[in-house]
Amino acid sequence: MRKNADNLVFIGFMGVGKGSLARELTKLTPNLYGLDTDDLIESFTNTKIKKIFATAGEAAFRALEQKTADWLAQNVQNAVISTGGGFYKVNNLHAIGTVIYLKADFEWIYRRITTAHNAKKKLKKRPLFQEYEKAKALYLSRQEGYEKAADIVIEMQSAPIEEIAQNLLERVGLPTGRDL
Ligand code: S3P
């Protein structure tokens, strides 16, 4: 399979800021387009993630993630791709691009989600983040998998998001310059 080294693939737990960092990157560089695997799934199924979980079940959602991964690996270049928190388990992650794990403590993530101005909406759309204890157990069970899957690890608590974006672009050798 083709290795799309030009794509950046963000993995990491729900609420860590994959979409936010992807948006920062697309502001900074002219060559990257932003995609989100949950958004792709919702648009091609015309169904909200929450409803897919409730009606078809988690296994069906994971199959949709794999289908999305296959399509991305074959067809997408020059994109920064934010993924759902369980997407790192697809069988061709590295064929999509450079895998970047966005890492943070569970408490930091929990606070980030629950204190957001749209916290209710952020929680509502995440069926696996309904109970603190369950979400924390899921977080702990995934740490090793995220680390193992990563080409690059980024500590999200280390700096403001604009700075993290700038550093990441320098690290992967992408030009900056666009000011939207
Ligand atoms: C999931 C994370 C969600 C979404 C789905 C399952 C997970 O995406 O894909 O609810 O298994 O961690 P975010 O990480 O964008 O919240």
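Sequence positions, counted from 1, serve as the residue numbers for this chain. All values reported here derive from a predicted model rather than from experimental measurement.
Side-chain N/O atoms of Asp70 and Gln74 include no donor and acceptor closer than 3.5 Å. In this model, no donor atom of one side chain and acceptor atom of the other lie less than 3.5 Å apart for Asn7 and Gln77.
You'll find the side chain of Leu21 reaches within 4.5 Å of the side chain of Ile161, heavy atoms only. Within the 4.5 Å cutoff, the side chain of Leu32 has heavy atoms near those of the Leu174 side chain. No side-chain heavy atom of Lys50 sits less than 4.5 Å from a side-chain heavy atom of Lys125. Between Ile41 and Ile52, some side-chain heavy-atom pair lies under the 4.5 Å cut-off. By the 4.5 Å heavy-atom criterion applied to side chains, Val153 and Glu147 are counted as neighbours. When side chains are defined from C-beta on, Thr98 does not count as touching Val9, because their heavy atoms never get closer than 4.5 Å.
For Gln157 (side chain) and Trp108 (main-chain N/O), no donor-acceptor pair under 3.5 Å exists by modelled atom type. One N or O on the side chain of His94 and one on the backbone of Ala149 form a donor-acceptor pair closer than 3.5 Å. Not a single donor-acceptor pair under 3.5 Å links the side chain of Thr29 to the backbone N or O of Leu25.
Under the side chain to side chain donor-acceptor pair (under 3.5 Å) rule, Tyr101 has a single partner from Glu155, Lys18, Gln143, which is Gln143.
Ser20 OG to Glu162 CD: the interatomic distance, rounded to the nearest 0.5 Å, is 10.5 Å. Here the straight-line distance linking atom CG of Asn46 with atom NZ of Lys51 works out to 9.0 Å at 0.5 Å rounding. Atom CG of residue Leu72 and atom CG of residue Leu35 lie 6.5 Å apart, to the nearest 0.5 angstrom. Residue Asn75 holds its CG atom at 11.5 Å from CD1 of Ile96, rounded to the nearest 0.5 Å. The CG atom of Asn91 lies 4.0 Å from the CD atom of Gln66; values are rounded to the nearest 0.5 Å. Note: Lys148 NZ to Glu144 CD = 4.0 Å, rounded to the nearest 0.5 Å.
For the pair Ala69 and Asn92, the tightest heavy-atom approach, listed with the atom from each and the gap, is CB-OD1, 3.3 Å. For Leu40 against Thr68, the heavy-atom pair with the smallest separation is CD1-CG2, 3.9 Å. The heavy-atom pair separating Glu65 from Gly84 by the smallest distance is OE2-CA, 4.3 Å. Counting all heavy atoms, side chain and backbone alike, Ile164 lies closest to Ala159 at CD1-O, 3.4 Å. In terms of heavy atoms, Arg112 sits closest to Val16 at NH1-C, 3.9 Å.
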Determine all donor-acceptor pairs shorter than 3.5 Å in which one atom belongs to a side chain in residues 126-142; sequence neighbours excluded.
| from | atom 1 | to | atom 2 | distance (Å) |
| --- | --- | --- | --- | --- |
| Arg126 | NH1 | Lys122 | O | 3.2 |
| Gln130 | NE2 | Leu123 | O | 2.8 |
| Gln130 | NE2 | Arg126 | O | 2.6 |
| Tyr132 | OH | Glu107 | OE1 | 3.4 |
| Tyr132 | OH | Glu107 | OE2 | 2.2 |
| Tyr139 | OH | Ala104 | O | 2.5 |
| Tyr139 | OH | Phe106 | N | 3.4 |
| Ser141 | OG | Leu138 | O | 2.7 |
| Arg142 | NH1 | Gly85 | O | 3.2 |
| Arg142 | NH1 | Tyr146 | OH | 3.4 |

Should Phe10 and Leu168 be marked as a side chain to side chain contact (heavy atoms under 4.5 Å, CB included) after you check the CA-CA gap, both sets of side-chain angles, and the distance that decides it? CA-CA 12 Å; Phe10 288 169; Leu168 177 58; 3.8 Å; yes
Under the side chain to side chain contact (heavy atoms under 4.5 Å, CB included) criterion, do Asp105 and Tyr110 qualify, and how do the steps go?
CA-CA 9 Å; Asp105 297 341; Tyr110 185 77; over 6 Å; no
- Might you work through the side chain to side chain contact (heavy atoms under 4.5 Å, CB included) test for Ile152 and Val99, ending with a clear yes or no? CA-CA 7 Å; Ile152 294 174; Val99 178; over 6 Å; no
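Within the structure, every pair that satisfies the side-chain hydrogen bond (donor to acceptor under 3.5 Å, both in side chains) test and touches residues 78-89, not counting sequence neighbours, is listed here: Asp36-Ser82.
The number of heavy atoms from other shown groups lying within 6.0 Å of OH (Tyr33) does not exceed 12.
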